[in-house]
Amino acid sequence: MLEEVERWLGARSWSVTDRPLQRLLTAKRATGQTVSVVLPALDEEATVGDIVTVIRRDLMGPDPLVDEVVVVDSGSRDRTGAVAAAAGARVVHRDAILPRVPPVPGKGEVLWRSLLVTGGDIVCFVDADLREFSADFVAGIVGPLLTDPDVHLVKAMYDRPLGAAPGQGGRVTELMARPLLNMHWPRLAGFVQPLGGEYAARRSLLERLPFPVGYGVELGLLVDALHLVGLDALAQVDVGVRRHRHQDGQALGRMSAAIYRTAQLRLARGHLVRPSLTQFERGAAGFEPRTYSVDTEERPPMTEIAEYAARRVA
């Protein structure tokens, strides 16, 4: 590990207990910063309501840490939107945001569009499939942004059990993302959960970053933030244990392909063939190929979008 990364680990890795809630509320009042929480959601009716309920109950009281919680529904076929709204979230459909730009499927697409329908100086992203959710996931990663003006992006770190096996979650992280980062961006090797969906950042940073539309968004934002603001502006906070629904092996393969492509584009911006990934499933006639396109599209920095600029002027 680079000496710079070892120093960073000591200076920019914290626990949620390092910043009690009252300290955060005092810092928020002193600085006047506002906080938005965004939950990208697709068919998450089983979990999204509980997450919203915890955020509203623990962080949105008379003296709120969180000013708004917004669920961006990317086309759920279940009751995700209704459940989230009943729990107290503002629900916005992906397709209603910036309608002149046709939406494409993908998590990064939803996160990018969320900047247009939120107002917080700090934007906190939380996946909508978390179980046994704790408000620490929000307070922990928002905390350094409220108390340290030199910090611009904070990732959550946590244990990820796979069933009853501790520490075996995050298979794409260990098999794809961590090797890529260590080989090509070793200054990011200290991040425990580089692909984690729980992170917070200053709007002033997010609006200047391109967003990969698919599963490569977390790696893309982390790499681009490193180049834009430097390692010391990035941090991570231990928030405990993350429990969520796990994907099957083939879904993880598609995620890995998208993440590899995101890295590839950052290593060599050029005219590259649109990639695809072929996987196999056993059918009546034996193993049958299934070919999927790999997300390659990226949305430009939000500061380049006229509607966003007009909103800020207004």
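Just the heavy atoms: all of them, side chains too, but no hydrogens, waters or symmetry mates, feed the values below. What you are looking at is a predicted structure, and each value in this text was computed from that prediction instead of being measured.
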**Prompt:** Step by step, would you call Leu130 with Glu198 a side-chain contact (heavy atoms from CB on, under 4.5 Å)?
**Reply:** CA-CA 10 Å; Leu130 302 189; Glu198 290 68 48; 3.8 Å; yes
**Message:** Would the distance check show the side chain of Ser256 and the main-chain N or O of Val172 forming a donor-acceptor pair, the cut-off being under 3.5 Å?
**Reply:** no
**Request:** Answer yes if the side chains of Gln193 and Tyr158 hold a donor-acceptor pair under 3.5 Å, and no otherwise.
**Result:** no
**Prompt:** Looking at Asp148 and Arg12, does any basic side-chain N land under 4.0 Å from a carboxylate oxygen?
**Reply:** yes
**Request:** Decide whether Leu226 and Leu2 are clustered together by the hydrophobic rule: side chain heavy atoms of Ile, Leu, Val, Met, Phe, Trp, Tyr closer than 4.5 Å, transitively.
**Result:** yes
**Asked** Is there any side chain to side chain donor-acceptor pair (under 3.5 Å) pair reaching into residues 98-110, and which pairs are they, with sequence neighbours excluded?
**Response** Arg100-Glu307, Lys107-Asp127, Lys107-Glu218, Glu109-Arg113, Glu109-Arg299
**Asked** Which residue pairs satisfy the ring-ring contact (aromatic ring centres under 6.0 Å, His included) criterion with at least one member in residues 7-41, sequence neighbours excluded?
**Response** Trp8-Phe191
**Item:** Least distance between heavy atoms, Val239 atom then Gly140 atom
**Value:** CG1-CA, 4.3 Å
**Message:** Determine whether a donor-acceptor pair (N or O, by modelled atom type, separation under 3.5 Å) exists between the side chain of Glu45 and the backbone of Gly81.
**Reply:** no
**Message:** Under a 3.5 Å cutoff, is there a donor and acceptor pairing between the side chains of Asp67 and Thr34?
**Reply:** no
**Item:** Thr118 versus Arg203, side-chain donor and acceptor atoms under 3.5 Å
**Value:** yes
**Asked** Are the side chain of Trp112 and the backbone N or O of Pro301 linked by a donor-acceptor pair below 3.5 Å?
**Response** no
**Prompt:** Does the distance from a Lys or Arg side-chain N to an Asp or Glu carboxylate O, for Arg79 and Glu44, drop under 4.0 Å?
**Reply:** no
**Prompt:** Distance-only, no hydrogens or angles: does the Arg90 side chain make a donor-acceptor pair with backbone N or O of Val117 under 3.5 Å?
**Reply:** yes
**Message:** Would you compute the distance between atom CG of Asp159 and atom CG of Asp238 and round it to the nearest 0.5 angstrom?
**Reply:** 7.0 Å
**Message:** Can you confirm whether Leu267 sits close enough to His184 that some side-chain heavy atom of one is under 4.5 Å from a side-chain heavy atom of the other?
**Reply:** yes
**Prompt:** Would you say Leu21 and Leu145 are hydrophobically clustered, going by side-chain heavy atoms of ILVMFWY under 4.5 Å?
**Reply:** yes
**Asked** Would you call Asp43 and Arg77 a salt bridge, using N to O less than 4.0 angstrom?
**Response** yes
**Complete:** Rounded to the nearest 0.5 Å, the CG atom of Leu25 sits from the CG atom of Leu146 at a distance of 9.0 Å
**Sidechain N-carboxylate O distance under 4.0 Å for Arg266, Asp224** = yes
**Message:** Return the OG1 to CG distance between Thr80 and Leu42, rounded to the nearest 0.5 Å.
**Reply:** 7.0 Å
**Request:** Take Glu207 and Tyr308, measure what side-chain contact (heavy atoms from CB on, under 4.5 Å) needs, and give me the verdict at the end.
**Result:** CA-CA 9 Å; Glu207 66 187 10; Tyr308 187 77; 2.8 Å; yes
**Asked** Quick one: side chain to side chain donor-acceptor pair (under 3.5 Å) partners of Ser134, sequence neighbours excluded?
**Response** none
**Message:** Donor-acceptor check, side chain of Thr147 to backbone of Gly143, threshold 3.5 angstrom: yes or no?
**Reply:** yes
**Asked** Do Pro186 and Leu181 come within less than 4.5 Å of each other through their side chains, counting heavy atoms only?
**Response** no
**Complete:** What one should report as the nearest heavy-atom pair of Asp50 and Ala46 is OD2-O, 4.3 Å
**Request:** Could you check if a side-chain atom of Met60 sits within less than 4.5 angstrom of a side-chain atom of Val69, using non-hydrogen atoms only?
**Result:** yes
**Asked** If you round to the nearest 0.5 Å, how far is CG of Leu205 from CG of Leu234?
**Response** 8.0 Å
**Item:** side-chain contact (heavy atoms from CB on, under 4.5 Å) between Val142 and Leu24, intermediate numbers included
**Value:** CA-CA 9 Å; Val142 166; Leu24 302 186; 5.7 Å; no
**Request:** Look at the side-chain heavy atoms of Ile, Leu, Val, Met, Phe, Trp and Tyr, link any pair under 4.5 Å apart, and say whether Phe211 and Leu228 land in one connected group.
**Result:** yes
**Complete:** Heavy-atom nearest pair, Ser74 first then Val110, reads CB-CG2, 3.5 Å
**Asked** Without hydrogens or angle criteria, can the side chains of Ser36 and Glu68 be said to hold a donor-acceptor pair below 3.5 Å?
**Response** yes
**Message:** I want to check something: taking the side chain as every heavy atom from C-beta on, are Leu39 and Val72 in contact at a cut-off of under 4.5 Å?
**Reply:** no
**Closest non-hydrogen atom pair between Val126 and Pro40, with its separation** = O-CD, 3.3 Å
**Item:** Arg178 bridged to Glu174 by N-O distance under 4.0 Å
**Value:** yes
**Side-chain heavy atoms of Val154 within contact of Gln236, under 4.5 Å** = no
**Message:** Any carboxylate oxygen within less than 4.0 angstrom of a Lys/Arg side-chain nitrogen, looking at Asp63 and Arg29?
**Reply:** yes
**Request:** Would you kindly confirm whether Met302 and Leu153 end up in one hydrophobic cluster when ILVMFWY residues are joined by side chain heavy atoms under 4.5 Å apart?
**Result:** yes
**Pairwise side-chain contact, Pro212 with Arg261, heavy-atom cut-off 4.5 Å (strictly under)** = no
**Complete:** In this structure, CZ of Phe133 is separated from CG of Asp58 (nearest 0.5 Å) by 9.0 Å
**Message:** Quick check on the hydrophobic clustering: are Leu180 and Leu175 connected, directly or via other members, by side-chain heavy-atom contacts under 4.5 Å?
**Reply:** no
**Prompt:** Heavy atoms, side chains only, cut-off 4.5 Å: are Val237 and Pro144 in contact?
**Reply:** yes
**Item:** Side-chain donor-acceptor contact under 3.5 Å, Gln33 with Arg202
**Value:** yes
**Test log, rule side-chain contact (heavy atoms from CB on, under 4.5 Å), inputs Val48 and Asp129** = CA-CA 7 Å; Val48 69; Asp129 66 341; over 6 Å; no
**Request:** With the side chain counted from C-beta on, respond yes when Val92 and Ile97 share a heavy-atom pair under 4.5 Å apart, and no when they do not.
**Result:** yes
**Item:** CZ on Arg187 to CG on Asn182, rounded to 0.5 Å
**Value:** 14.0 Å
**Request:** Please report the closest heavy-atom contact between Trp185 and Ala263, naming both atoms and the distance.
**Result:** CH2-O, 3.7 Å
**Asked** What are the two closest non-hydrogen atoms of Ala225 and Leu209, and how far apart are they?
**Response** N-CD2, 4.1 Å
